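Below is one structure, written out as structure tokens; comments come after it.
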Amino acid sequence: MVSHSFFHQDSKKESIEEVLENSLEIEEDLMRTYLITAERVHDDPELKDRLENFAEGNAKRTKQLFDELKKGK
């Protein structure tokens with residue numbers, strides 16, 4: 001017989017995985033949006049640079065989220 005706490009722990013792990021997967025998707029979407037927007041900016045080099053920096057931050061978070069998901073599997 002399997003204990004109730006096993007199921008609770010298993011569902012908690014799935015819930016955390018779902019949060020990480022959703023966060024990963026959001027970060028990837030934001031990164032793409034920032035990069036596409038930066039490519040469209042031609043008259044404001046500072047804005048272009050900030051957008052590229054935002055995308056770089058998203059890339060780092062994306063990698064961290066991906067690594068966490070890998071650890072959990």
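These values consider heavy atoms only, across backbone and side chains, with no hydrogens, waters or symmetry-generated copies. Nothing fancy with the numbering, it's 1 onward along the sequence. No experiment lies behind these values; they were computed from the predicted model shown.
Expressed to the nearest 0.5 Å, how far CG of Asn58 lies from CD of Glu27 amounts to 4.5 Å. Between the CD atom of Glu56 and the CG atom of Leu51 there is a distance of 13.0 Å, given to the nearest 0.5 Å. Separation of atoms CD1 (Ile16) and CD (Glu14) is listed at 11.0 Å; rounding is to 0.5 Å. Put simply, CZ on Arg61 and CG on Leu24 are 12.0 Å apart, with the number rounded to the nearest 0.5 Å.
Ile26 and Phe66 fall into different hydrophobic clusters, where Ile, Leu, Val, Met, Phe, Trp and Tyr side chains are chained together by heavy-atom contacts under 4.5 Å.
Applying the salt bridge (charged side-chain N to carboxylate O under 4.0 Å, His left out) test to Lys63 and every residue at least two apart in sequence or in another chain returns Asp67. Under the rule for a salt bridge (charged side-chain N to carboxylate O under 4.0 Å, His left out), Glu28 has no partner lying at least two apart in sequence or in another chain.
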Can you list, pair by pair, the side-chain donor-acceptor contacts under 3.5 Å of residues 32-46, counting residues two or more places apart and other chains?
unit_1: Arg32; atom_1: NH2; unit_2: Asp29; atom_2: OD1; d: 2.6
unit_1: Thr33; atom_1: OG1; unit_2: Asp29; atom_2: O; d: 2.9
unit_1: Thr37; atom_1: OG1; unit_2: Thr33; atom_2: O; d: 2.7
unit_1: Asp44; atom_1: OD1; unit_2: Glu46; atom_2: N; d: 3.3
unit_1: Asp44; atom_1: OD1; unit_2: Leu47; atom_2: N; d: 3.2

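Across all their heavy atoms, Leu69 and Leu20 have their closest contact at CD2-CB, 3.7 Å. Contact between Ala55 and Met31 at its shortest, heavy atoms only, is O-CG, 3.6 Å.
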